[in-house]
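Below is one structure, written out as structure tokens, with a few remarks after it.
Numbers restart at 1 for each chain; the letters A, B, ... are given by sequence-line order, proteins then strands.
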Amino acid sequence: MPVVLWTDALLYLLVLMVLVYALRVRRREHLRAPWRRVMQSPLAVGAAVVLGVYVLIALADSLHFRPMAKGGGHGEVISVFDYLVTPLRTRTEKTYSAPFATHLYAKEIIELGDGREVRGYPRLVYGGAHLNEPQAQRAWDILRTSLRALVEAALVSLMLSLLVLTILARRSGTTLRESLRRVLGGRTRGPWRTFLGTTALLIALLFLLVELSADYHVLGTDKVGQDVLYEAIKSIRTGLIIGTLSTLVMLPFAIILGVAAGYFRGWVDDIVQYLYTTLNSIPSVLLIAAVILMIQVYMANHPESFSSVTQRADLRLLFLCIVLGITSWTNLCRLLRGEVLKLREVDYVQAAAAFGVRHGNIMLRHLVPNVMHIVLIMVVLDFSGLVLAEAVLSYINIGVDPSTSSWGNMINSARLELAREPVVWWSLAAAFVFMFALVLAANLFADAVRDAFDPRLRRETA
Amino acid sequence: MIAYIIRRTLYAVPILIGVNLLTFFLFFVVNSPDDMARMHLGMKRVTPAAVEQWKHAHGYDQPLLWNAAAGGAAKLTDTIFYAKSVRLFMFDFGRSDEGRDIGYDIRQRMWPSLAIAIPTLLIGLLVNITFAMLIAFFRGTAFDLAAVVLCVMMMSVSTLFYIIGGQFLIGKIFDLVPISGYLPGIEAWKFLILPVAVGIVSGIGMGTRWYRTIFLEELGKDYIRTARAKGLSERLVLFRHALRNALVPILTGIVAVLPLLFMGSLLLESFFGIPGLGSYTIDAINSQDFAIVRAMVFLGSALYIIGLLLTDISYTVVDPRVRLR
Amino acid sequence: MLNAAMRGLYAAMLVFVLVGCGDSTPWNDPYPASQTGANILYSAFQEQPKHLDPARSYNVNEALFIAQIYEPPLQYHYLKRPYRLVPLAATEVPEPRYLDAEFRELPASAPARGIAYSVYDIHIRSDIRYQPHPAFARNAEGAYRYHALSRADLEGIHELSDFRHTGSRLLTTADFVYQIKRLAHPGLNSPIFGLMSEYILGLDQYAKRLRPIYDELKREQGTSAFLDLREYPLEGAQVVDRTTYRITIKGKYPQFRYWLAMAFFAAVPWEADRFYSQPGMAERNLTLDWYPVGSGPFMLTQNNPNLRMVLTRNPNFHGERYPHAGVPADARAGLLADAGRPLPFVDKVIFSLEKESIPYWSKFLQGYYDASGVSSDSFDQAIQFSGQGSPEVTPVMRRKGIELETAVTTSIYYMGFNMLDEVVGGRSERARKLRRAISIAVDYEEYISIFANGRGMPAQGPIPPGIFGHRKGQAGINRYVYDWVDGQPRRKPIAEARRLMAQAGYPGGRDANTGEPLVLYFDTAAAGPDSKSRLDWFRKQFAKLGIQLVVRATDYNRFQDKMLKGTEQLFEWGWVADYPDPENFLFLLYGPNKKVNGNGENAANYSNPEFDRLFRRTKNMDNNAERRRLTARMVDIVQRDAPWIWGFHPELFVLHHVWYHNLKPNTMANNTVKYIRIDPALRAEQRRAWNQPVIWPLIVVAALVLASLVPGVVAYRRRERAAAL
């Protein structure tokens with residue numbers, strides 16, 4: 001039975017909007033040109049490939065349903081992604097174990113067969129369970145599995161490259177060999193070399209993870225024995241949703257108020273300015289704390305509407321997005337207002353006004369399309385900041401629900417783990433790597449978008 | 001100009017009222033006075049009578065905004081909002097719900113906050129400008145590209161990692177400085193080294209990149225070309241012309257954040273156990289002390305508005321063509 | 001300009017390195033150099049104390065301070081177990097006299113139902129003086145110097161130490177009576193007023209009488225009005241003579257003696273209230289809530305809850321000696337080495353605010369705190385289990401000379417069912433079986449091993465070990481959850497729980513009628529880094545039975561609210577003993593103490609007429625065989641009904657350094673600082689040895705910078721020439 005969560009719906013709405021926008025871009029040259037510039041930057045293309053993989057995972061993780069449980073009735077809400085990685089999700093150990101470990105990380109009392117008890121490191125239930133002599137066999141087993149994965153990945157990458165090369169050759173009317181030479185030499189119109197290189201790298205990584213995590217906990221397990229790799233990947237959805245929905249939710253307000261303020265001036269402008277100065281001047285942490293508390297009150301008063309952990313966590317996530325939107329929209333609103341103030345003096349707007357075109361029409365037809373690039377740039381630029389903000393908010397306990405997987409929650413528990421002796425470093429490292437890759441890709445991509453669309457804005461948005 | 005400042009100051013009043021109303025609304029939507037009483041009375045053996053008494057003693061037994069039972073002007077004045085908010089405008093913060101004098105606490109905790117914020121800002125500025133000029137000097141080379149990518153990478157690391165890493169390495173492994181804590185007076189310096197260093201390092205990525213764009217923009221302008229045409233060395237161009245002109249946007253940018261330095265850094269202070277205003281705010285949120293939360297919001301807004309005003313004024317100072325009306 | 005600045009910076013760094021090396025105190029010493037080698041005990045507090053007024057404080061964090069300052073009539077013996085009361089301000093532990101309704105004396109063996117009043121005559125030592133305090137200061141004419149201050153007089157005064165003169169006086173029995181009256185003071189909201197008004201004769205009426213008087217006073221003099229309680233007599237608490245005062249209790253209440261060991265019943269001088277109630281005092285945080293006035297071994301000399309609290313030896317302390325006897329093992333443990341020596345041993349105690357456990361632990365290892373608990377995360381580093389399964393410190397710790405003390409606490413952490421709930425609550429057989437099935441499934445042995453590193457004892461019932469009525473061995477096990485196998489309790493297999501589920505109508509965790517899985521709701525106020533894993537663990541436990549557990553994590557207020565309304569289903573709760581008596585735990589299940597409607601401490605809203613009847617019978621009994629028998633029956637009733645999953649009794653592990661002596665964990669007493677002795681010279685030496693700064697990273701960084709300078713300069717030159725072209 002499918003379950004549609006609020007954030008799922010909004011995320012797919014966002015995807016739809018991006019698709020519609022892409023279609024528009026295809027048809028209009030003045031929009032296509034800057035995008036082409038973006039796509040000519042190797043860094044941006046590499047970043048886009050990484051982002052693409054993150055988005056795919058998040059989308060698979062955003063189709064929720066209740067599986068039929070054995071013997072009838074419905075189980076707990078899970079996502080398609082959860083279903084795909086069922087082994088990863090369900091193979092939990094008792095407590096901490098290091099990456100690729102075969103034994104637990106903490107000593108416990110083990111009962112020997114003859115009734116005696118010793119304190120030692122018990123074997124893991126799943127990690128490396130297929131090995132009889134873990135000490136001797138493990139390294140060789142990991143190496144063999146990795147090699148197999150790499151060979152498989154190489155094959156897949158090769159096939160993909162062939163496909164791309166064929167298309168390129170067909171399009172430019174050259175031979176396959178010539179197009180290969182061009183790609184390798186970086187003499188294509190788009191940076192295909194980067195594209196293929198990044199993709200091959202990611203495919204290799206994917207195969208490695210899939211093959212190895214069948215037998216091991218690649219990134220170890222956490223305090224209650226949950227696989228850290230699973231946690232880290234699940235956090236992708238949370239990060240992406242916070243990064244995108246926050247701006248999406250507040251976009252209509254920012255655009256309407258910003259454009260109206262710039263266009264009408266006078267008292268409308270005064271009110272809008274008052275509004276965003278007031279909101280801006282409240283320290284955002286306090287605002288977020290208040291809203292998160294509010295949603296908790298709401299849920300406490302309406303327990304019947306939230307029958308599952310997932311739904312509760314989802315609503316909290318949504319409201320976190322909204323309030324993060326509220327604290328960040330003021331900036332965009334200010335920029336739009338300034339831009340419209342300039343635009344309204346331009347000839348064609350003046351002309352339209354002189355012809356008696358209605359205000360609404362002028363704003364919709366002439367002003368909004370001409371400030372859309374600013375909106376785009378701001379959305380892309382805000383993304384990484386919001387992902388980073390999530391981690392900080394979790395630290396003050398006003399972030400996502402404790403049951404939601406998120407990098408912030410992982411970092412938060414990692415603080416205690418770092419004080420352990422021996423140190424449990426893998427949760428922190430996993431959160432760091434996954435988060436760093438996303439934020440770095442987003443930053444690089446955003447830079448390219450900004451440069452391509454409006455280098456003038458550099459100063460105001462850096 | 002004086003008239004402008006006065007007008008802007010008056011303009012701040014409705015904003016502060018709005019902020020006050022909003023805080024008040026947000027807080028009491030989620031916390032009834034009963035909740036506050038229970039929170040402060042503790043866990044064991046709390047009776048309803050004790051809750052009532054606490055509310056009475058702290059003035060939370062009146063209606064929130066509108067007292068229908070009272071007559072005349074008292075309808076507005078015999079309310080929690082009026083009783084608790086009006087004195088704020090005189091910067092009289094009153095007593096916290098635990099009975100401590102908030103103004104005194106703020107004055108005490110301001111210094112540790114400033115002791116971190118000011119060195120972080122100044123040294124950070126020095127470091128960032130140095131790096132930015134170096135990168136601008138080598139603009140267009142592989143060094144430039146590498147440096148920018150490095151900056152982006154440093155930006156992509158969450159501040160939490162810098163803090164946790166710094167504390168772990170320098171405090172725990174190397175035993176160089178105390179891990180956390182604070183001492184008032186001259187001995188504070190050894191507690192400040194680590195947070196200030198972490199604050200600077202975590203800001204390098206963002207700051208350097210931002211100043212680099214400013215320098216590049218300056219270097220692209222006509223007067224630089226003239227200077228070069230005169231045969232000035234690149235170093236002189238950079239130092240004598242570009243730096244001087246780039247300082248204008250840099251300094252006006254800083255003026256806006258100066259007043260907010262008082263508010264302290266939430267994260268640094270609570271991680272390093274420094275009794276500043278940032279950790280004061282966090283503690284107040286966690287213990288739901290409305291009086292402190294409200295005071296801090298008010299202070300924050302007031303400082304923000306002062307920052308806006310200072311920015312406007314600094315524009316006129318650095319560029320006489322700008323006239324404030 | 002920049003070059004000059006850089007040069008300055010390097011110079012400063014050089015100086016810093018040189019100065020740092022020459023200094024004798026370690027670089028990372030968080031205390032002023034002047035304190036090195038001083039006889040100071042270093043400790044920490046995690047939460048800012050809210051109340052230090054003995055009539056209001058009811059919190060372990062606050063007891064840390066005020067128990068060292070105020071002296072109630074009685075205290076717990078430091079070394080003896082089971083816990084035993086000994087006199088502190090009193091000269092002996094008082095024995096009650098019993099009276100009937102007509103105030104006629106009854107024999108001590110009289111049945112409880114005939115006893116209308118119990119009278120406690122408490123004899124007080126006559127040599128106790130208060131700490132020096134401005135409230136006692138007198139001028140040349142003998143009048144109180146600071147009792148009639150105007151606002152102008154308080155100019156420039158922010159702390160108590162800003163008053164130039166102090167004074168002291170002998171402690172009198174009137175001060176004890178005064179404090180008992182303060183429990184009913186309308187402006188103070190004493191947390192035990194509700195409870196005490198049921199027992200102390202006339203206290204209820206007294207509060208009612210004071211209220212209008214106080215309101216009137218407040219109207220005249222503002223919020224800081226001084227209500228002089230000496231003018232209003234209280235029937236149940238009266239001065240008999242200079243060394244005796246008398247408390248009259250309604251009915252028989254043998255537990256009252258334990259209350260006499262709490263700060264609620266310490267002496268408070270009226271001068272303090274008079275002094276602090278002057279206009280302008282409260283605005284300067286000068287209140288009895290922040291600056292206690294006591295007669296104990298220490299006095300609070302620095303009060304900055306944002307940073308540190310400092311206790312200093314009270315020069316007027318009447319003197320007390322280290323106990324001569326304890327349990328047999330104490331002599332072997334060296335706990336009697338100081339027997340007979342005058343207390344306290346340390347001159348000063350510095351408590352620093354330390355909110356996070358990690359810095360606390362690191363500083364403990366560096367020697368900057370003298371003792372520490374063990375968090376579950378640093379456990380493996382500090383503790384290992386010997387071959388016999390008993391805990392000991394790891395070799396690393398032993399090399400540092402760190403020692404371990406353990407004790408099972410008199411507390412319980414449990415998971416409760418809301419007995420008013422339709423699914424899990426009620427006394428139907430179906431619900432009872434469901435509760436029992438869950439009790440078996442939630443494996444607290446695993447909980448203790450993951451989240452407490454084995455520092456805890458799974459609870460079999462509500463009464464912790466060390467309290468009268470706790471049963472050891474096979475007789476004590478909860479036979480609904482445990483089997484007795486090989487001389488040990490063993491949790492029943494999960495198959496048994498599944499069978500119970502089927503009997504309760506939920507085969508496989510599914511409602512037999514509808515086929516839908518059973519969904520249960522778990523309310524918790526948990527937040528923080530560790531809560532996610534804990535909540536995940538709970539979900540795993542319920543999943544064993546096919547039950548879907550929905551965790552409703554919320555903030556503390558919302559949680560409290562739900563508990564009051566009774567809308568929760570499952571919840572976590574805990575109780576720390578006020579005094580070592582089974583009544584203090586069994587009352588948590590007494591029907592009339594329900595949380596819903598009564599706001600009592602019976603959080604599960606459990607009610608069983610038979611249990612309630614037995615409770616009323618046993619609560620005032622003396623500890624005899626009859627009481628033991630009835631208590632066992634009560635425990636059996638609640639084990640059968642299973643309103644709680646009994647959870648566990650946490651075990652206290654305290655580590656301390658080699659220079660720290662006389663530590664014996666005492667979960668009842670709080671005034672234990674006076675027994676602690678430290679060896680400051682040894683401490684200073686160890687600190688120096690442990691905290692040698694690692695300088696090579698600094699050198700490496702400096703070397704790297706220097707190394708990059710050469711190619712940098714070359715590139716710079718080349719670039720400059722190129723750009724000039």
Side-chain angles (χ1 to χ4, degrees), chain A residues 43 270 273-275 277-298 384-385 387-392 394-398 407-408 411-412 414-415 418-419 423 425 428 431-432 435-444 446-447 455 458-459 461-462, chain B residues 11-12 14-19 21-23 25-27 29-31 145 148-149 152-153 155-161 164-165 167-168 172 205-206 209-214 216-217 249 260 263 266-267 270-271 278 281-282 284-286 288 293 296-297 299-305 307-308:
Chain A
L43 274 179
D270 285 342
Q273 279 200 57
Y274 171 74
L275 213 65
T277 319
T278 307
L279 274 178
N280 241 359
S281 69
I282 298 182
S284 49
V285 176
L286 294 168
L287 207 62
I288 294 168
V291 171
I292 291 302
L293 276 173
M294 251 160 87
I295 192 64
Q296 285 186 356
V297 176
Y298 180 78
S384 53
V387 175
L388 291 174
E390 186 270 328
V392 173
S394 294
Y395 166 70
I396 334 179
N397 286 328
I398 53 174
W407 294 312
I411 296 172
N412 204 2
R415 285 189 303 133
L418 270 191
V423 173
W425 48 270
L428 189 74
F432 176 80
M435 196 166 156
F436 180 68
L438 177 64
V439 175
L440 183 61
N443 274 333
L444 292 174
D447 270 5
R458 241 172 196 286
R459 274 283 297 283
T461 55
Chain B
Y11 185 63
I15 292 180
L16 288 177
I17 294 180
V19 167
L21 261 173
L22 197 67
T23 344
F25 169 76
L26 282 175
F27 195 89
V29 160
V30 294
N31 283 304
L145 184 71
V148 171
V149 172
V152 176
M153 286 171 82
M155 278 168 65
S156 306
V157 177
S158 169
T159 322
L160 290 172
F161 286 111
I164 295 174
Q167 223 170 15
F168 187 71
K172 191 171 170 195
M206 185 74 96
R209 205 168 74 125
W210 162 221
Y211 294 140
R212 172 184 166 270
T213 51
I214 292 181
L216 288 187
E217 202 167 291
L260 288 174
M263 298 293 285
L266 246 55
L267 281 182
S270 48
F271 261 99
T281 315
I282 294 274
I285 294 177
N286 286 337
Q288 310 199 342
V293 170
M296 291 310 290
V297 171
L299 193 65
S301 330
L303 290 171
Y304 176 80
I305 293 167
L308 291 184

Shorter than 4.5 Å, heavy atoms on both sides: which option in A:L438, A:V387, A:V392, A:I398 has the most such pairs with chain B?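 Greatest number of close heavy-atom pairs with chain B: A:V392.
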
Which one wins on heavy-atom pair count under 4.5 Å against chain A: B:L16, B:V152, B:V149? B:V152

Between [X] and chain B, with a heavy-atom cut-off of 4.5 Å, which part of the residue counts as in contact: side chain, backbone, both or neither?
X: A:A391; result: both
X: A:L43; result: side chain
X: A:L428; result: both

So does A:T277 get a backbone contact from the side chain of B:Y304, meaning a donor-acceptor N/O pair under 3.5 Å? no

Closest heavy-atom contact between [X] and [Y]?
X: B:M155; Y: A:L388; value: O-CD1, 3.6 Å
X: B:I15; Y: A:S281; value: CG2-OG, 4.2 Å
X: A:N443; Y: B:S156; value: ND2-OG, 3.1 Å

Which atoms of B:Y211 come close to chain A, meaning under 4.5 Å heavy atom to heavy atom: side chain ones, backbone ones, both, or neither? neither

Proximity breakdown for B:L303 and chain A, heavy-atom pairs closer than 4.5 Å: neither

Evaluate B:T281 against A:V285 for side chain to side chain contact (heavy atoms under 4.5 Å, CB included), listing each step before the verdict. CA-CA 9 Å; B:T281 315; A:V285 176; over 6 Å; no

Within-4.5 Å side-chain heavy-atom neighbours: A:M435 and B:L160: no

Hey, does A:L287 have a side-chain heavy atom less than 4.5 Å from the side chain of B:V297? no

How long is the span from the OG atom in B:S158 to the CD1 atom in A:I411, to the nearest 0.5 Å? 5.0 Å

For A:F432, enumerate each residue passing the ring-ring contact (aromatic ring centres under 6.0 Å, His included) test, keeping only those at least two apart in sequence or located in another chain.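 A:F436, B:F161.
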
